[in-house]
Amino acid sequence: MEEIEAFARRLDSWAVEGQFPGLRAHAAALLRDVEAFDVEELTRTLKQFPAACEAVFNHQPEGA
């Protein structure tokens with residue numbers, strides 16, 4: 001759980017830096033699941049990570 005929490009905090013930092021709200025929401029969900037020690041929900045959230053990454057790759061900056 002500690003490693004997932006550390007990853008989620010780094011992910012949040014990268015999301016803020018890159019202005020990726022979807023990725024930031026994913027990081028928040030990971031943190032919520034870790035803090036609640038909800039293993040089942042955490043598993044579901046982790047499985048959604050590829051989709052969160054895909055959204056970053058498809059992200060169009062404002063004004064582009």
Side-chain angles (χ1 to χ4, degrees):
M1 285 293 202
E2 291 176 14
E3 290 178 18
I4 295 171
E5 180 180 4
F7 170 70
R9 293 192 187 285
R10 284 193 310 270
L11 190 62
D12 183 63
S13 177
W14 296 328
V16 169
E17 184 178 319
Q19 298 179 349
F20 301 117
L23 196 56
R24 187 147 196 226
H26 188 75
L30 285 171
L31 287 171
R32 179 187 65 238
D33 296 344
V34 166
E35 290 170 1
F37 208 78
D38 187 340
V39 177
E40 289 182 30
E41 191 60 34
L42 181 58
T43 300
R44 283 190 279 277
T45 303
L46 285 169
K47 286 180 180 179
Q48 295 170 353
F49 183 63
C53 290
E54 186 70 28
V56 169
F57 292 123
N58 293 327
H59 176 75
Q60 293 294 320
E62 290 185 18

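Here the structure is a predicted model, which is why all the values come from computation and not from measurement. Hydrogens, waters and symmetry mates are skipped; everything else that's a heavy atom, side chains included, is used.
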Q. Is the shortest side-chain N to carboxylate O distance from R44 to E41 below 4.0 Å?
A. yes
**Q.** Any donor-acceptor pair under 3.5 Å from N58 side chain to E54 backbone
**A.** yes
Q) What is the minimum heavy-atom distance between Q48 and H26, and which atoms define it? A) C-CE1, 3.9 Å
Q: Examine L11 and V16 and state if one hydrophobic cluster contains both, with Ile, Leu, Val, Met, Phe, Trp and Tyr joined whenever side-chain heavy atoms are less than 4.5 Å apart.
A: no
(Q) With side-chain contact (heavy atoms from CB on, under 4.5 Å) as the criterion, how do L42 and M1 come out once you've worked through the C-alpha distance, each side chain's angles and the decisive distance to 0.1 Å? (A) CA-CA 10 Å; L42 181 58; M1 285 293 202; 3.5 Å; yes
Q) Of the non-hydrogen atoms in A29 and T45, which two are nearest, and what is the gap between them? A) CB-CG2, 3.9 Å
Q | Shortest non-hydrogen separation from A8 to A27 and the atoms involved | A | O-CB, 3.5 Å
Q. Hey, mind stepping through D33 and L46 against side-chain contact (heavy atoms from CB on, under 4.5 Å) and telling me if it holds?
A. CA-CA 10 Å; D33 296 344; L46 285 169; over 6 Å; no
Q) Going hydrophobic residue to hydrophobic residue with side-chain gaps under 4.5 angstrom, can you get from L31 over to F37? A) no
Q: Compare every heavy atom of R24 with every heavy atom of A15, then report the nearest pair and how far apart it is.
A: CB-N, 3.5 Å
Q: With sequence neighbours excluded, tell me which residues meet ring-ring contact (aromatic ring centres under 6.0 Å, His included) with F7.
A: F49
